[in-house]
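Worksheet: the structure to be examined is printed underneath.
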Amino acid sequence: MKKEELICIFSRKIRSILERSAADFLFFEEIRLRVGQPLCICRGRGEEYLTPSGRISGNWREAYAVTAADIRETLEFVSHYSLYAFEEELRQGFITIPGGHRVGLAGKAVVQGGDIRGLKYISFLNIRLAHQVPGCADGVLPFLWKRDRFCHTLIVSPPRLGKTTLLRDIIRQVSDGGEHPPQTVGVVDERSELGACSSGVPQNDLGRHTDVLDGCPKAAGILMLLRTMSPRIIAVDEVGSQEDLEALSYSLHCGCGILATVHGSSLEDLKKKPVLCHLVGEGIFERYLILSAEAEGRVAWKVMDESGRRLGEGYR
């Protein structure tokens with residue numbers, strides 16, 4: 001990720017602060033803008049702040065105070081001066097920009113008939129930075145195969161531990177092959193975070209044998225790829241709805257492998273989720289890859305089989 005490619009979405013004042021900063025964007029996870037509040041960054045050690053000179057400080061009183069004009073100008077740059085063109089994204093509360101970065105939005109919800117129709121008076125932005133880290137899945141991959149067959153795998157992780165980054169690298173390596181034969185992977189990239197497609201072409205490396213359905217709801221996308229692209233493996237990020245899981249179950253019965261992620265902290269946590277408990281209880285997933293936060297910003301991983309037996313563990 002190049003610094004100059006990202007900072008162009010910010011208001012001119014915040015852009016100037018980021019240009020002066022000597023901080024390495026590779027370690028940034030989020031940049032948060034809140035009207036009247038300090039300019040905030042997250043990079044694995046909680047929230048820190050950027051001063052008007054671009055220096056990182058732990059003291060919020062030294063930080064640059066974000067203005068309503070900063071929010072308005074940033075939204076103009078994010079939407080290319082056509083925020084109305086992002087009506088569907090506003091209903092979901094985020095806009096995905098080139099590079100797979102996601103701009104979360106909050107303000108006053110426009111509600112009609114109990115459904116969120118959009119947002120207005122947007123006063124809060126959270127820019128979540130996407131990171132492509134080739135090789136970050138090296139340690140876990142050997143545990144996700146049975147001979148030359150990829151196991152149905154569910155990645156379980158709390159937010160902000162890099163599950164999407166890990167998913168992206170698993171897709172790339174499985175698609176390209178190496179110790180095992182390359183697999184045709186179908187990716188349903190509902191939020192354009194995995195492939196970061198521009199005009200239909202992935203900007204992130206998802207491998208030579210990967211087909212991407214960009215901006216499509218997961219359940220509908222899974223069924224479409226099964227009908228049209230004959231994938232050996234279906235990969236999706238953040239499953240959770242009943243429709244998602246029914247589509248994944250259908251792909252299983254079609255002989256297609258599954259690679260998915262879900263928010264959670266443990267196998268026991270998944271068993272308490274009304275939608276997931278059925279799939280977990282039936283042992284449909286053959287591998288659970290569980291991420292957890294450790295001291296000093298490290299992320300631990302462990303791989304378990306369908307019975308809960310631990311197969312391997314490490315850090316990334």
For Y81, what are the other residues in its hydrophobic cluster, where any two members join if their side-chain heavy atoms are less than 4.5 angstrom apart? F77

Taking NZ, NE, NH1 and NH2 as the nitrogens, is one of them in E19 or R15 under 4.0 Å from a carboxylate oxygen of the other? no

Exactly one candidate in V212, L167, D214, T165 meets side chain to side chain contact (heavy atoms under 4.5 Å, CB included) with L194; the answer is L167

To the nearest 0.5 Å, tell me how far L50 CG sits from L18 CG. 6.0 Å

Taking R208's backbone N and O only, do any of them form a donor-acceptor pair with D176's side chain (distance below 3.5 Å, no angle check)? yes

For the CZ atom on R232, are there more than 12 heavy atoms of other groups (residues, nucleotides or ligands in this structure) within a distance under 6.0 Å? no

Within 6.0 Å of CD in E87, more than 12 heavy atoms from elsewhere: no

Tell me whether K272 is salt-bridged to D269, with the criterion being a basic N under 4.0 Å from an acidic carboxylate O. no

Looking only at side chains, do E62 and S57 share a donor and an acceptor under 3.5 Å apart? yes

Less than 4.0 Å between a side-chain N and a carboxylate O, is that true for E238 and R191? yes

Quick check against the 3.5 Å criterion: does R102 have a side-chain atom that pairs as donor or acceptor with the backbone of T96? no

Is there a side chain to side chain contact (heavy atoms under 4.5 Å, CB included) between L213 and D189 once you walk through the steps? CA-CA 6 Å; L213 191 55; D189 198 2; over 6 Å; no

Set out, in order, the CA-CA distance, both residues' side-chain angles and the distance that settles side chain to side chain contact (heavy atoms under 4.5 Å, CB included) for I9 and H101, then state yes or no. CA-CA 11 Å; I9 71 164; H101 314 297; over 6 Å; no

May I ask you to check whether N204 and E193 show a side-chain donor-acceptor distance below 3.5 Å? no

Say whether, by atom type as modelled, one donor and one acceptor occur between the side chain of S123 and the main chain of Y121 under 3.5 angstrom. yes

Quick check against the 3.5 Å criterion: does H152 have a side-chain atom that pairs as donor or acceptor with the backbone of E286? no

E294, CD atom: more than 12 neighbouring heavy atoms under 6.0 Å: yes

Check whether T153 reaches the backbone of L259 with its side chain - one donor and one acceptor, N or O, closer than 3.5 Å. no

